[in-house]
Structures are given as C-alpha cells and as structure tokens.
Chemist: 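Provided herewith is a single structure, encoded as structure tokens, for subsequent inquiry.
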Amino acid sequence: MLLIYSDEFLEHKTGQFHPEKPERLTAIQNAIAASDFADRVEWKLPTSIAERSVLPWVESIHTSNYIQKVAAIAEGGGGYLDTDTAISPRSYDVALLAVSAWLDGVDAVLEKGKPTFVLARPPGHHAESNLGMGFCLFSNAAIAAHYALKQPKVNRVAILDWDVHHGNGTQALVESHSEIAYCSLHEYPCYPGTGKITERGFHNNVLNLPIPPNSDVQLYQQAFEREVIPFLSKFAPDLLIVSAGYDANADDPLATINLQPRDYGLFTEYCLGITSKILFGLEGGYDLSALAKSVVATIEKCLG
C-alpha cells in the first residue's frame with residue numbers, strides 16, 4: 001500500500017500545547033515501522049510545490065483574499081486565523097504541499113485501483129472558501145475531489161468523513177456539485193455545530209449522520225449498514241475519498257465518542273466493500289497512541 005508523506009509536514013508549527021501538533025505524524029510513522037506489515041507499505045514523497053503548481057487548484061475553491069491572508073501571516077512570522085488555528089512561518093508552503101500530497105493520492109489510486117493513504121498536515125475539512133478554522137488551512141478533500149473530476153474516466157467522486165467533527169468546509173465546497181457526494185458521521189452537538197440531518201445538499205448529495213455523545217461502535221455499525229453503504233453504493237463513485245479523522249476514539253481529548261482503534265478497521269472494511277479505489281487522507285485525531293493504532297488498523301485492513 002502506498003503512503004504519501006514528507007518530513008516537511010512537521011514544519012507546520014502550532015505551539016507546544018496545541019493538539020494538532022507534528023508529533024501526530026511521528027507517532028503514526030513509529031507505529032507503522034513497528035507493525036507486522038512494515039515491509040508491505042511503500043513510502044513516497046509528495047510532488048514538491050516547485051515541480052507542480054497546486055495554487056490553481058487551491059484558487060478554484062478558496063478566495064484570493066483568503067489565500068493571500070494565509071500567505072501574509074506566514075511571511076510575517078506567523079500568527080492565528082482564529083483562537084484555534086495557528087500559522088507558523090512555513091505553514092503556507094506546508095499547506096500547499098499537503099494539497100499536492102492529496103492530489104498525488106488521487107493520481108495513485110486512479111492509476112493502481114488500490115487504496116492510498118496521505119499522511120499530511122495541516123488538516124482541511126473545516127476550511128471554507130474564505131475562512132480557515134478548526135486547525136484547518138486549505139480544504140484538502142474538497143480540492144482533491146474537484147481535481148479528480150478533471151481526470152479521465154472520473155464522473156463521480158464521493159467523500160466519506162468519519163472525523164468526529166462535521167466537515168463544514170468540505171460540505172460547503174461540494175454540496176452544489178451533483179458529481180460529488182458527501183457523507184459525514186460526527187458527534188452532535190459538538191464543534192463546529194453544523195451537520196444537521198436535514199442538510200441534504202443541492203442535489204440530495206449530502207448525508208449527515210449526527211452521533212450522540214458517549215456512543216460506541218454499535219451505533220456506527222448501524223449507521224454504516226443502514227445509511228452510509230446504501231447512500232455511497234447508490235452514488236457509485238469512481239473514487240472514494242475518506243476524510244480520515246481518528247478523534248472519535250474514547251481516549252481522544254476533543255470529543256466524547258467511545259470508539260476503539262480496531263473499529264476503524266471495520267469502517268475500512270465497509271469502504272472496501274464499495275470500491276477499492278479509496279484515498280484516505282488524515283484529518284483529526286489527538287491522542288497519539290489511539291491515533292497511531294487507528295491508522296495501523298486502517299492500513300492493515302487495506303492490505304488484507
């Protein structure tokens with residue numbers, strides 16, 4: 001299985017006590033290196049932003065004023081978009097490289113017909129067209145979906161967001177496009193307060209499944225089997241993008257859902273039942289041990 005990663009993703013500095021920290025990626029790397037399947041994964045660097053201009057793809061969904069604001073804060077030595085969303089001197093370039101990694105992931109999945117995992121940061125699913133929030137700078141999954149639709153033989157793209165927080169940015173950026181479906185399972189009520197079940201998209205292409213606090217895997221299983229799988233299977237995507245957040249774990253400090261790392265292997269199995277053309281891209285997950293074990297469970301299931 002292909003894993004797309006660069007040490008440059010560690011250069012997005014958020015501060016010593018920020019939950020979305022570089023150590024998240026280090027913990028995942030170490031867990032994969034210690035796994036039984038370490039020799040069955042292929043590590044690949046993302047295409048550099050010098051080799052490929054990703055800016056046009058970012059500009060296709062984010063406003064110029066917002067992109068320039070992120071760049072200016074970084075060039076000025078860093079700062080904050082809001083109280084949660086930090087920008088350091090290298091964050092703008094690293095965020096562009098993260099977008100490039102997601103685009104590389106699309107290319108790899110379409111070429112090989114097999115799952116690929118993008119281990120990049122900063123995450124993206126809260127970023128709206130003119131607003132970064134919730135640790136997110138650019139909307140990686142939405143950009144990747146729009147990019148995929150420009151590739152040969154791709155007519156429909158689905159995004160499954162199993163991060164514990166609703167991907168308000170992703171939904172806002174794809175819900176008007178009939179060729180893109182968006183499905184989210186998320187704790188509710190919880191940050192950012194969006195993702196009501198009544199939000200169905202412009203083309204009935206959105207499925208939100210709010211999960212009550214303190215729920216466990218049984219409720220997720222019911223949601224997958226009764227709602228998620230029928231919705232995605234009916235849409236019949238040529239590519240499935242998973243916004244793979246792992247903050248619904250019981251040990252995670254930012255939510256109150258009681259999943260275990262092994263449960264993400266089950267979710268992965270459900271996805272593989274729909275298609276093998278899956279791009280996993282890292283979103284949240286802030287307990288380092290639970291995060292790393294959950295990514296391992298995802299990759300292990302993909303390897304069979």
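We count residues from 1, following the sequence as given.
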Chemist: Which of parallel (below 30°), tilted (30 to 60°) and perpendicular (above 60°) describes Phe280 and Trp162?
Modeler: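 Tilted: the ring planes of Phe280 and Trp162 meet at 30° to 60°.
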
Chemist: Report yes or no: does Arg156 contribute a side-chain atom to a donor-acceptor pair with the main-chain N or O of Phe235 at less than 3.5 Å?
Modeler: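 Checked: pair present.
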
Chemist: For residues 54-92, which residue pairs qualify under ring pair (Phe, Tyr, Trp, His ring centres under 6.0 Å), counting only residues two or more places apart or in two chains?
Modeler: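 Listed by first then second residue: Trp57-Tyr147, His62-Tyr66, His62-Phe138.
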
Chemist: Excluding sequence neighbours, so at least two apart, what forms salt bridge (charged side-chain N to carboxylate O under 4.0 Å, His left out) with Lys301?
Modeler: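 Scan of Lys301 (salt bridge (charged side-chain N to carboxylate O under 4.0 Å, His left out), adjacent residues dropped) gives Glu269.
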
Chemist: Look at atom CZ of Arg226 and say whether more than 12 heavy atoms of other residues, nucleotides or ligands are closer to it than 6.0 Å.
Modeler: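 For Arg226, atom CZ is not crowded (no more than 12 foreign heavy atoms under 6.0 Å).
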
Chemist: Same cluster or not: Ile28 versus Leu254, using hydrophobic residues (I, L, V, M, F, W, Y) connected whenever any side-chain heavy atoms lie under 4.5 Å apart?
Modeler: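 Unlinked, Ile28 and Leu254 end up in two clusters.
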
Chemist: Give a yes-or-no answer on whether the side chains of Glu11 and Ser88 include a donor-acceptor pair shorter than 3.5 Å.
Modeler: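 Side chains of Glu11 and Ser88: no pair found under 3.5 Å.
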
Chemist: Would you check if there is a donor-acceptor pair between the side chains of Glu187 and His165 at a distance under 3.5 Å?
Modeler: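 There is no such pair (donor and acceptor under 3.5 Å, judged by atom type) between the side chains of His165 and Glu187.
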
Chemist: Among side-chain atoms of His146 and Ser60, is any donor-acceptor pair under 3.5 angstrom?
Modeler: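 Per modelled atom types, His146 and Ser60 side chains form no pair under 3.5 Å.
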
Chemist: Donor-acceptor check, side chain of Ser243 to backbone of Asp161, threshold 3.5 angstrom: yes or no?
Modeler: no

Chemist: Can you get from Val99 to Met133 by hopping between Ile, Leu, Val, Met, Phe, Trp and Tyr side chains that sit under 4.5 Å apart?
Modeler: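 Different clusters: Val99 never reaches Met133 through Ile, Leu, Val, Met, Phe, Trp or Tyr contacts under 4.5 Å.
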
Chemist: Does the side chain of Ser48 come under 3.5 Å of the side chain of Glu51 through a donor N or O and an acceptor N or O?
Modeler: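 Yes, because at least one side-chain N or O of Ser48 sits under 3.5 Å from a partner of the opposite role on Glu51.
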
Chemist: Do Asn168 and Glu128 get their side chains close enough for a donor-acceptor pair, meaning under 3.5 Å?
Modeler: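 Short answer, yes.
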
Chemist: Using the side-chain hydrogen bond (donor to acceptor under 3.5 Å, both in side chains) criterion, which residues pair with Gln260? Sequence neighbours excluded.
Modeler: none

Chemist: What pairs with Asp238 under salt bridge (charged side-chain N to carboxylate O under 4.0 Å, His left out), at least two apart in sequence or on another chain?
Modeler: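 Per chain and number, Asp238 pairs via salt bridge (charged side-chain N to carboxylate O under 4.0 Å, His left out) with no residue.
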
Chemist: Would you please name every residue forming a ring pair (Phe, Tyr, Trp, His ring centres under 6.0 Å) with Tyr286, sequence neighbours left out?
Modeler: Phe135

Chemist: For the pair Asp287 and Lys293, evaluate salt bridge (Lys or Arg N to Asp or Glu O under 4.0 Å) and give the outcome as yes or no after the intermediate values.
Modeler: CA-CA 10 Å; Asp287 179 87; Lys293 291 176 183 176; over 6 Å; no

Chemist: Given 3.5 Å as the limit, does a donor-acceptor pair link the side chain of Arg24 with the main chain of Gly285, or not?
Modeler: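 Yes, Arg24 side chain to Gly285 backbone: donor-acceptor pair under 3.5 Å.
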
Chemist: Okay, side chain of Glu199, backbone of Lys196: is any donor-acceptor separation there less than 3.5 Å?
Modeler: yes

Chemist: Do you know the tightest heavy-atom contact between Leu279 and Leu239?
Modeler: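 Taking Leu279 first and Leu239 second, the nearest heavy atoms are N-CD1, 4.4 Å.
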
Chemist: Nearest heavy-atom pair of Cys136 and Ala127: which atoms, and what distance?
Modeler: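 What the structure gives for the nearest pair is CB-N, 3.7 Å.
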
Chemist: Please name the pair of heavy atoms, one in Ala141 and one in Ile159, separated by the smallest distance, quoted to 0.1 Å.
Modeler: O-CD1, 3.9 Å

Chemist: List for me each residue that meets salt bridge (charged side-chain N to carboxylate O under 4.0 Å, His left out) alongside Lys112, sequence neighbours excluded, and say none if there are none.
Modeler: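 If we apply the salt bridge (charged side-chain N to carboxylate O under 4.0 Å, His left out) test to Lys112, skipping adjacent residues, the hits are Glu42.
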
Chemist: Please list, chain by chain and in numerical order, all residues satisfying ring pair (Phe, Tyr, Trp, His ring centres under 6.0 Å) with Tyr191, sequence neighbours excluded.
Modeler: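 So Tyr191 forms a ring pair (Phe, Tyr, Trp, His ring centres under 6.0 Å) with His126.
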
Chemist: Are the side chain of Thr85 and the backbone of Gly134 linked by a donor-acceptor contact shorter than 3.5 Å?
Modeler: yes

Chemist: Check whether any side-chain heavy atom of Cys271 sits under 4.5 Å from a side-chain heavy atom of Leu160, and report yes or no.
Modeler: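 Result yes, sub-4.5 Å side-chain heavy-atom pair found.
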
Chemist: What is the distance from atom OG1 of Thr298 to atom CE of Met1, rounded to the nearest 0.5 Å?
Modeler: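 Those atoms lie 8.0 Å apart.
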
Chemist: Just by distance, do the side chain of Ser215 and the backbone of Ile211 share a donor-acceptor pair under 3.5 Å?
Modeler: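 No: the side chain of Ser215 does not pair with the backbone of Ile211.
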
Chemist: Taking atom types as modelled, is there a side-chain donor on Asn205 or Tyr182 under 3.5 Å from an acceptor on the other?
Modeler: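 Note: Asn205 and Tyr182 side chains miss the donor-acceptor criterion.
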
Chemist: Could I get the full list of ring pair (Phe, Tyr, Trp, His ring centres under 6.0 Å) partners for His125, not counting sequence neighbours?
Modeler: none

Chemist: If you take all heavy atoms of Gly113 and Ser276, which pair is closest and at what distance?
Modeler: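 Reported closest heavy-atom pair: O-OG, 2.7 Å.
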
Chemist: Using the rule that two of Ile, Leu, Val, Met, Phe, Trp, Tyr join whenever any of their side-chain heavy atoms come within less than 4.5 Å, decide whether Leu266 and Val242 are in one cluster.
Modeler: yes

Chemist: Out of Lys44, Lys150, Arg52, which residue meets the salt bridge (charged side-chain N to carboxylate O under 4.0 Å, His left out) rule with Asp107?
Modeler: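 Only match with Asp107 under salt bridge (charged side-chain N to carboxylate O under 4.0 Å, His left out): Arg52.
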
Chemist: Assign the ring pair Trp43 / Tyr5 to parallel, tilted or perpendicular, where the plane angle (0 to 90°) is split at 30° and 60°.
Modeler: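 Trp43 and Tyr5: perpendicular rings.
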
Chemist: Checking His166 side chain against Ser184 main chain: does a donor-acceptor pair fall under 3.5 Å?
Modeler: no

Chemist: Check whether Thr14 reaches the backbone of Glu20 with its side chain - one donor and one acceptor, N or O, closer than 3.5 Å.
Modeler: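 Side chain of Thr14 to backbone of Glu20: a pair is present.
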
Chemist: Say whether Leu45 and Ile32 are linked into one hydrophobic cluster, either directly or through other cluster members, by side-chain heavy-atom distances under 4.5 angstrom.
Modeler: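 Shared cluster, no.
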
Chemist: With distance as the sole test, does Asn140 use its side chain to make a donor-acceptor pair with the main-chain N or O of Pro122 at under 3.5 Å?
Modeler: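 Judged by distance alone, yes, a pair lies under 3.5 Å.
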
Chemist: With sequence neighbours left out, write down each residue that passes salt bridge (charged side-chain N to carboxylate O under 4.0 Å, His left out) with Glu8, or none if nothing qualifies.
Modeler: Arg90

Chemist: side-chain contact (heavy atoms from CB on, under 4.5 Å) with Asn65: which residues, sequence neighbours excluded?
Modeler: Thr63, Gln68

Chemist: How would you list all residue pairs meeting salt bridge (Lys or Arg N to Asp or Glu O under 4.0 Å) that involve residues 243-267, not counting sequence neighbours?
Modeler: none

Chemist: If we ignore angles and hydrogens, is there a donor and acceptor under 3.5 Å between the side chains of Thr256 and Asn214?
Modeler: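 No, because no side-chain N or O of Thr256 sits under 3.5 Å from a partner of the opposite role on Asn214.
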
Chemist: Identify whether Leu3 and Phe37 are in the same connected component of the hydrophobic contact network (ILVMFWY, side-chain heavy atoms under 4.5 Å).
Modeler: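 Yes, one cluster joins them.
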
Chemist: Can you list everything that forms a side-chain hydrogen bond (donor to acceptor under 3.5 Å, both in side chains) with Tyr264? Sequence neighbours excluded, please.
Modeler: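 Residues passing side-chain hydrogen bond (donor to acceptor under 3.5 Å, both in side chains) with Tyr264: none at all.
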
Chemist: For the side chain of Ser100 and the backbone of Thr47, is there at least one donor-acceptor N/O pair under 3.5 Å apart?
Modeler: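 Answer holds: yes.
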
